[in-house]
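Atom set for the values below is all heavy atoms of this structure, side chains included, hydrogens, waters and symmetry mates excluded.
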Amino acid sequence: MQINRVIALFLAFLVLTLSLGVGAAAEIIVQPGQSIQDALNNSVSGDEIVISPGNYTENLRITTGDLIIRSQSGDPGDTIVNANNPAQDVIYVQANNITISGLSINGAGNDRAGVYLVSSSNCTIEDNEFFNDALGIYLRNSANNLILNNKASEGRRAVNIERSNYNTVSGNDVSDQRFGIYLYVSESNTVSDNKVNSSADHGIVLESCTNTSLENNAVSSNEDNGIHLVSSSDNNLTGNTADSNLVYGIYLTGSNGNNLTNNTALNNSRGIFLLRSGDSTLSGNIVSNNKNGILLTSAGDSSISDNIISQNSVSGISLLNSTASNVSENVLSNNSLGIDLAFSGNSTVVNNIVQDGGRGLNLQDSSNNLILNNTASRNRYGAYLLRSGWNVFSNNIANESDDHGIVLENSSNNNEIMSNIISSNRAYGIYLTGSNDNNISNNEASGNSRGINLMTSNGNSILNNTVLDNSEYAILLSYSMGNNISENEASNSNRGIHLSTSSDNVISGNNIISNGVSGVYMASTSNNNNFFNNYLNNDVNADVKQGSSGNIWNTTKTEGSSITGGPYLGGNFWGKPDGTGFSQTTADSDGDGIADRVLNISNSGYADYLPLVDTETQQPLPAENLTDNQTETFENETQEDMDVNETEENMDVNETEENMDVNETEENMDVNETEEDMDVDETEEDMDIE
């Protein structure tokens, strides 16, 4: 019994040993002149087929899994597999866990592949070269494969992935294809660190793909787009470089919910372009030397933030027919248009720096936008609104512009322009032309040629602005009616408040002090204006030309705190810097804050019937001196000299609507505006400011 048990154990051990030996992996060497396919046919799972240097002409079919097929040298330059039949794939794989490496695979004909994986998983295709294959590597219904460090040239698609998920395409060098890398109806793939250049169409394409990651790819010198997404959503594009592509660097159409972060788009026709691709995030990108930097068309609910955008010849950031987007924290420099909104609404532009360009902030036919806390410096225009209404423009800085700080032109109505700092602009601080019913309030306009200038603009409220140290005018109205100019500081300029052919305006509660030529000027063609409760302290307070009608220089005596702190509203305070002004020297016997005498305003035929006094500083002169010596006339200056006779050839915004339109279709999206075409074309020769 004991002997039988020992024999039985020995026999069992022998059977086990033999069975393990049958399944052991083998290394099969293929020499030139031998058939690689024969080696495949004789292989079992786990075998390694090593191909010696040489040229092999055959089409291979792999249906056994867990194989390695590699060149002996590791150099695809000396181990070449050419298609025996170009109408078939060079290497056909329908198996899992296959590795193909170190081979040159050539000659796949129309719609055929160098390596074709169908229903195959966990395969690795690496360190191969593909030349003159219609499709270099083609995956269909295949998942979890690696395509690594291959080279492909002169084909139609170097890597083509169709209905295949969770694959990685990385480190490949692709050139001279129709399309470099093409993914179709696939999800959760990673395409990273590839070089794709000189494609006849696009470099990398996602069509109907989701949750794909495009990372750190370099796409350059492709004849259409560098990276092209169509009907592809929820993808991440990070760290890619798109350089010198003929049309777009990165282009998305019909693709929503994508993230574009830390990409670089240089020297393309357009850098990054989203068409009908909303709910997207663009952040941390560097975009320069394109025509358009970042352009969104019909792409709402998007966020554009923290990008660096420079030297784009048409625009830096453009929203065209796009709504509910956020443009924030970007730095833009040397762009023809910095941030450009055209036919766009309900968006927020906040905390951007826009400098050294044509128009810093540009709105055309755009409404209900918030423009907040931006800095626009050293542009031709700080901000420019054309046919744009119901926008809020607040807490921005517009300074050192070659022309104007803020421009509202051609029916830019019902905007809120408030709490901005507009300084040191060569021409005007705030300029309205043909724009009505705007609220211009709490702004600081200093160091400009003109602080606030209204031309043919009606029904606006100019309230509580600080307008100082402007070389020509603090506030100028020309051909403008029905405006409310109240509670402003209009001082230390040549002229304080100047009305030229402007009627039916209310001017009240303003401090008009230390202006060199006059505090107030009113042309003979300015009628029915109401001027009261203003504080004037200038050498010449009022220059009012004869010939006008209906102007009123005080309101009805009414209880309320006057501008001098008195208990009644009435007329105006008329002071002089040397303390000899009418309101400084005329008695107020009843202490109501209103002088005992009427002030006749020079030779205009008008009078202030209720001139204010300042009881704290009032020092009445003897009665014989209480006459109206306020003859507010200019030495050696005629009415013609007093007109605003600037032809403004150097200062006008020479722009017509024809030149201002955004002449752009979806196929040709350029905003065709040059700086020469973008001036507001008012020579004012037909509208002389009197």
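S315 and N292 share a side-chain donor-acceptor pair at under 3.5 Å. For N464 and E487, the side-chain atoms include no donor-acceptor pair closer than 3.5 Å. When only modelled atom types and interatomic distance are considered, D437 and N414 share no side-chain donor-acceptor pair under 3.5 Å. Defined by atom type and a distance below 3.5 Å, a donor-acceptor pair is present between the side-chain atoms of N222 and N245.
Taking a cutoff of 4.0 Å between a charged side-chain nitrogen and a carboxylate oxygen, D201 and R178 qualify as a salt bridge. By the 4.0 Å N-to-carboxylate-O rule, R378 lies close enough to D356 to be salt-bridged with it.
The one candidate from I304, N258, L282 that meets the side chain to side chain contact (heavy atoms under 4.5 Å, CB included) condition with L274 is L282.
Counting only distance, with no hydrogens or angles, the side chain of N352 and the backbone of N330 share a donor-acceptor pair below 3.5 Å. With hydrogens and angles disregarded, a donor-acceptor distance shorter than 3.5 Å links the side chain of S142 to the backbone of S119.
Between H228 and H202, the ring planes lie parallel to each other; the angle is under 30°, not in the 30° to 60° tilted range.
For the pair I250/N285, no side-chain contact is recorded, criterion being any heavy-atom separation below 4.5 Å from C-beta on.
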For S401 and N425, what are the C-alpha separation, side-chain angles and deciding distance, and is it a side-chain hydrogen bond (donor to acceptor under 3.5 Å, both in side chains)? CA-CA 5 Å; S401 303; N425 299 286; 2.7 Å; yes
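Of all non-hydrogen atoms in E416 and N439, the two that sit nearest each other are OE1-ND2, 2.6 Å.
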